2 protein chains.
Amino acid sequence: MYEDWAERWRALGDPTRLHILRLLSIRDACVCELVELLPVSQPAVSQHLRKLKYAGFVRDYREKSWIFYALRPDIPPAITQLLQELSIPDTEATWLRSHQVGASCSVPGAVEDDSLKVSE
Amino acid sequence: MYEDWAERWRALGDPTRLHILRLLSIRDACVCELVELLPVSQPAVSQHLRKLKYAGFVRDYREKSWIFYALRPDIPPAITQLLQELSIPDTEATWLRSHQVGASCSVPGAVEDDSLKVSE
DNA sequence: TCATTATATTAGCATATCACAATAGAGTGA
DNA sequence: TCACTCTATTGTGATATGCTAATATAATGA
């Protein structure tokens, strides 16, 4: 009976997933953007996103070549509020706000702009 | 940086610990009372309490032979609120409210009253 | 002090979790 | 269709978690 709730809490119990949620609180992002901003591999990001989706914290939608993830609007306000308390490095917030959605991944025709890259 | 928060969330990510917190939201309880109400062994309860204590959700204090655990008053209201949404079986709530603190454990001089026992 | 009770700790096992590398699947656009 | 990119899945290994049984520690009271 408590297991369902525990599973939801557990989804928040990983630093990488908290990081992802915090990034998504700035704006929707596609997987490849998250991969650029996070210090883990693409499969790791993918699996974290799956857990967050299953737990009901994010939803995904396709747009062109990318699959975007977004915070679900129906997250309990209490949790949203607690997430807001997580600080986020200025570099990351700036990166997300200054990049056009999807513009960071090397898809044909995408803008190449490494000047603001956080990693590497 | 997110690890500290993740650890706190993780403490909530187990059904037995949620159960414990829910019970403590009714009244303080000693370990042996919790052991009676929970379907796990005494060492398991003890270890869960240690995690909850470390995560800052509960405090403990000694009284006579028993060590009581109590919800900490400084839990973020958002979390307290979410905990309130967990239902609790009437049997357990009744048991806790009808028993005198500490009266259920077989200490010399303690009242023997199995009539309201939940388990066995 | 000694026996008893309450709680904590340790040891050991089964399972879950998280990471990466490798691979598979699905769109896109030429 | 083919080549390329993006994302998901699978396999595997290291570590963490949760449980019980056994043991240790601490307080009580005769």
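A, B, ... follow the sequence lines: proteins, then strands. Residue 1 opens every chain. Fair warning: this is a prediction, and the values are worked out from it, not measured in the lab.
- Counting to the nearest Å, the P atom of C:dT7 and the OH atom of B:Tyr61 are 12 Å from each other.
- Of the possible polar contacts, none joining the A:Arg62 side chain to the A:Phe68 backbone as a donor-acceptor pair under 3.5 Å is found.
- Each of C:dA8, D:dA8, C:dA19 was ranked by its minimum atom distance to the side chain of A:Tyr69; first place goes to D:dA8.
- With D:dC19, D:dT7, C:dA8 as the choices, the nucleotide that has an atom nearest any side-chain atom of B:Pro43 turns out to be C:dA8.
- The 12-atom threshold is exceeded at CG of A:Asp74, counting heavy atoms of other residues, nucleotides or ligands nearer than 6.0 Å.
- Between C:dA19, D:dT17, D:dA8, one nucleotide has an atom nearer to the side chain of A:Val31 than all others, and that is D:dA8.
- The NE2-C1' distance, from B:His19 to D:dC19, rounds to 17 Å in whole Å.
- Residue B:Ser46 has its side chain nearest to C:dT9 when only D:dT17, C:dT9, C:dC20 are considered.
- Within the 3.5 Å criterion, the main-chain N or O of B:Arg97 finds no donor-acceptor partner in the side chain of B:Arg27.
- At the heavy-atom level, B:Lys51 lies under 4.0 Å from the strands shown only through sugar-phosphate atoms.
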Can you list the steps and then say if A:Lys51 with A:Glu7 is a salt bridge (Lys or Arg N to Asp or Glu O under 4.0 Å)?
CA-CA 10 Å; A:Lys51 288 193 182 180; A:Glu7 172 142 3; over 6 Å; no

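- Closest approach to the A:Arg10 side chain among D:dC6, C:dC20, C:dT17 is made by C:dT17 (side chain taken as heavy atoms from C-beta onward).
- Between the P atom of C:dA6 and the CG atom of B:Leu34 lies a distance of 13 Å, rounded to the nearest Å.
- Of the candidate nucleotides D:dT9, D:dA8, C:dT17, D:dA8 has the atom nearest to the side chain of A:Ile67.
- The side chain of B:Val40 lies closest to D:dC19 when the candidates are C:dC20, D:dT17, D:dC19.
- The distance from atom NZ of B:Lys64 to atom C1' of D:dT28 is 12 Å, rounded to the nearest whole Å.
- Remark: the A:Gln42 side chain and the D:dA8 base include a donor-acceptor N/O pair separated by less than 3.5 Å.
- A straight line from CD1 of B:Ile20 to C1' of D:dG18 spans 12 Å, rounded to a whole angstrom.
- Both A:Leu49 and B:Asp14 sit near DNA chain D, but only A:Leu49 has its closest nucleotide nearer the 5' end.
- Under a 4.0 Å N-O distance rule, the pair B:Glu3/B:Arg10 qualifies as a salt bridge.
- When heavy atoms are screened at a 4.0 angstrom cut-off, B:Ala44 is found touching base atoms of the nucleic acid.
- Taking atom CD on B:Glu36 and atom P on C:dT5, their separation rounds to 14 Å, with Å as the unit.
- Of the candidate nucleotides C:dC20, D:dC19, D:dT20, D:dC19 has the atom nearest to the side chain of B:Thr16.
- Mapping B:Gln47 and A:Arg17 onto DNA chain C via the closest heavy atom, the residue that lands nearer the 5' end is B:Gln47.
- The backbone N or O of A:Ala11 sits less than 3.5 Å from a side-chain atom of A:Arg17, completing a donor-acceptor pair.
- Straight-line distance from the CD atom of A:Glu33 to the P atom of D:dC6: 11 Å, rounded to whole Å.
- Across the protein-nucleic acid pair, A:His48 atom NE2 and D:dT7 atom C1' stand 15 Å apart, rounded to whole Å.
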